[in-house]
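Structure first, commentary second.
Every chain is numbered from 1 and lettered A, B, ... according to where its sequence line falls, protein lines coming before strand lines.
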Amino acid sequence: MTTAIDIRGVSRRFGRVTALDDVSIAMPEHSLVGLLGRNGAGKTTLMSIIAGQDRASEGRIAVLGHTPFEHGPTLRQIIYVRDNQRYPDDYRLHHVLRIAPAFAPNWDADVADELVDGLRIPAKTPLKKLSRGQLSSVAIVLGLASRAPVTLLDEPYLGLDVTARSLFHTILLREIAAQPRTIVLSTHLIEESASLLDRVVILDHGKVVVDDETEAARDSVVLLSGNTDAVDRVLSGRPVLESHTMGAMTSVTAAGAADDSLRALADELGVQVARATLQDLVSAHGAETPEPLELKKAIRV
Amino acid sequence: MTAIMPTTRLHLNKREITFLVPLYITGTVALISVLISLLFLRSGGVPGSADWIAGSQLNPGMAYALPGFLVYLGVQSVATTFPFALTLGSTRRSFVGGTLLWAVIASAYLTAIMTVLTLIELATDHWFSNFYIFDIAVLGAGDLTRLIPIVFLSTLSMLTIGGVFGASWIRFGGRGPQFIGVGLAIVIIVALIVILPAAPTIIAAFQVWWLAVLAAVVILLSSIGMWLILRTAIVR
Amino acid sequence: MLSGEGPIFLQLAQRVAEDIINGTYAEDAGIPSTHDFAIFYRMSPITSAKGITMLVDQGVLYKKRGIGMFVAPGAREHLLAERRAAFRQQHVAPLLHEAELLGIDRDELADMIKEKDPS
């Protein structure tokens, strides 16, 4: 499988703040990659660097084989509309629809029209006065109608109503079937997009904590719940990413796959074992490292 | 060339502001000039007399009305257009090239408009009513060999000065334009300090073409400045 | 939209198998393309292709080059046999286990099953 986006050892510092810390990711061509993580984890910075709008302080990045920064032929293959995109003064929708084809060699006007109608973007209102959801819709039109081989969608759902989100999914899937492309999608509405994603990259504090196929990523942790002592025994030293305690009951998200011995022990001790959803996984990796259960018990006693 | 054309088209995308707003402003100034002429008339001025012509030709309306708009046009051509150009996939290099090409087109357009209107004014003996709107001192007093360079060079200077301010805002935020403003003030004051003792000689030797050279230098410096500031600018 | 706990490609394969068993897709008849499945069940085309390929590997579906995907002859019988085998393990075994826990002997259990209207 060809690698469409190859990121090696990329760091990005803004003054003393490290937004990305030694990030290495290889995104396969034509895959749909979810870029997940908490606010401030570095998702937007990473997308900006992939799109050549920003430059890494360290490390190398290749998009379709070239460093995107100031490389015209590569930049024409990428579309990235940021979630707080600025438009020229006095812009209205028709300005965007008129100029985008000049930059996007694969622009599809029918797709644009379909999205504008379906998402009900007002044509006459200045873009500055559009609601959050309407601005997201404009970004979706640019993102999908460009038919760019590398399409970066930054929080495409922000402010969208449920019908619009559904329409976005339908057209996204139809579009990548019609013209395969590599898609990176950042979002906080994880369950809504989970079934779409081939791969997930989870960032936390500027570092990559998960980079895997979606199903494998879900199996990289296990959910346990039951009596605190029993859960602790089943854990038998596995690192805990996130835990909740209620009285004598504890539920944890622990690192490592659920193997047969764990299942057997859990069964014996009456501890429930569940498969993590993508949302569980992202939440666990974003949580501050919890104190060991032993300590909590000590405090409780 | 092929790479910079999309950016030029991006600037020309808002047709109204590039092509029509200058006309609106020119029209408004013309209207006010006519009203002032009527005021002269009512206060006893004799249309066509030497006093009338001298008074009308000193009307500086055009010189006051357009620059503010042109500098704004230059500022927005970078400040709010650059982030969108990058989103569409322009390089910084072709953005600067396309923006300068657009500035040249906009200046040439305004020059052509002014030229045509001046020719009409001269041909109609000042609109059959002794209204001096374009045949005025700041625009070369009806001399096209002066009007054309005056309008073209001053428009292009204002657009590029605006551009460099817009670029500094993109790169350095609110402090960018402040730094450039302060820097510019210091340069001008220092230049005056150096030149002032020789002022009488300089003024005595003053030639109009010096202004053209000055404008050309301003345009060149602004263009280079815009490129230097934007070549590593990022969007945040 | 599929909403089970397991991997999505597996859920799609199970869904299609289910639809072959219940007659939605007849033997030797064409089934929708992987792209259609992707859009209908909201998954990426790569995932749907993975699920469909699984059924092809099992001999349940076959590909006609340039035309599409078809249900293999005997696929329904094959799937049913598989399901029957699984039935013992997945349903009967836990039933017996639970009955044993509750002290229900086999005869009593058989009577319960034979009852016309268990409540």
Side-chain angles (χ1 to χ4, degrees), chain A residues 12 14 17 19 44-45 47-49 51-57 63 68-92 94-107 126-128 138-139 142-143 146 148-152 154, chain B residues 1-21 24 69 71-99 101-102 162-163 166 169-173 227 230-236:
Chain A
R12 180 66 170 106
F14 297 103
V17 179
T44 296
T45 305
M47 285 188 157
S48 296
I49 291 175
Q53 293 189 15
D54 193 358
R55 204 155 42 155
S57 310
V63 177
F69 193 83
E70 286 300 84
H71 192 256
T74 302
L75 294 176
R76 273 193 285 282
Q77 311 290 308
I78 304 172
I79 182 73
Y80 168 51
V81 185
R82 44 182 61 232
D83 64 350
N84 60 349
Q85 179 66 44
R86 287 205 297 267
Y87 295 94
D89 287 359
D90 310 313
Y91 249 44
R92 286 158 212 265
H94 71 89
H95 291 109
V96 173
L97 298 180
R98 193 163 59 200
I99 195 62
F103 288 85
N106 300 337
W107 183 263
L127 296 188
K128 226 173 231 158
V138 176
L142 277 170
S146 290
V150 172
T151 299
L152 309 173
D154 191 8
Chain B
M1 200 64 182
T2 49
I4 68 173
M5 278 315 290
T7 309
T8 306
R9 282 179 61 188
L10 173 61
H11 289 301
L12 295 174
N13 196 19
K14 293 188 300 182
R15 292 161 195 166
E16 185 176 7
I17 198 161
T18 307
F19 295 122
L20 295 182
V21 175
Y24 300 157
F69 165 72
V71 171
Y72 157 75
L73 196 59
V75 171
Q76 67 84 40
S77 75
V78 177
T80 59
T81 312
F82 178 75
F84 188 55
L86 252 53
T87 289
L88 292 174
S90 173
T91 60
R92 290 150 183 81
R93 210 168 36 246
S94 40
F95 175 80
V96 172
T99 304
L101 177 59
W102 162 80
W169 183 75
I170 285 281
R171 176 80 184 270
F172 306 108
W227 164 236
L230 288 182
R231 61 192 283 261
T232 53
I234 61 164
V235 180
R236 292 182 72 177

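- Qualifying side-chain hydrogen bond (donor to acceptor under 3.5 Å, both in side chains) partners for Arg92(B), counting only residues two or more places apart in sequence or in other chains: Glu70(A).
- Contacts with chain A were tallied for Arg231(B), Glu16(B), Arg9(B); Arg9(B) has the most, counting heavy-atom pairs under 4.5 Å.
- Using a 4.5 Å cut-off on side-chain heavy atoms (C-beta onward), Ile99(A) and Phe84(B) make contact.
- With a 4.5 angstrom heavy-atom cutoff, Phe95(B) does not touch chain A via any of its atoms.
- Put simply, CZ on Arg98(A) and CG on Leu10(B) are 11.0 Å apart, with the number rounded to the nearest 0.5 Å.
- With a 4.5 angstrom heavy-atom cutoff, Tyr80(A) touches chain B only via backbone atoms.
- For residues 79-89 of chain A, the pairs satisfying salt bridge (Lys or Arg N to Asp or Glu O under 4.0 Å) are Asp89(A)-Lys128(A), with sequence neighbours left out.
- Nearest heavy atom pair, residue Pro83(B) against residue Gln85(A), reads O-NE2, 3.7 Å.
- At a 4.5 Å heavy-atom cutoff, the contact between Thr7(B) and chain A is made by backbone and side-chain atoms alike.
- Scanning all heavy atoms of the two residues, the minimum distance from Ser90(B) to Phe103(A) falls at CB-CE2, 3.8 Å.
- Side-chain contact between Asn13(B) and Val96(A) is absent, with no heavy-atom pair separated by less than 4.5 Å.
- There is no contact between His94(A) and chain B, counting heavy-atom distances below 4.5 Å.
- Here OG1 of Thr81(B) is found 13.5 Å from OH of Tyr87(A). Values are rounded to the nearest 0.5 Å.
- With a threshold of 4.5 angstrom between heavy atoms, Leu152(A) does not approach chain B through any atom at all.
- Thr87(B) contributes atom OG1, which lies 11.0 Å from atom CG of Leu75(A) (distance to the nearest 0.5 angstrom).
- In this structure, the separation between CD on Gln76(B) and CG on Asp90(A) is 7.5 Å, given to the nearest 0.5 Å.
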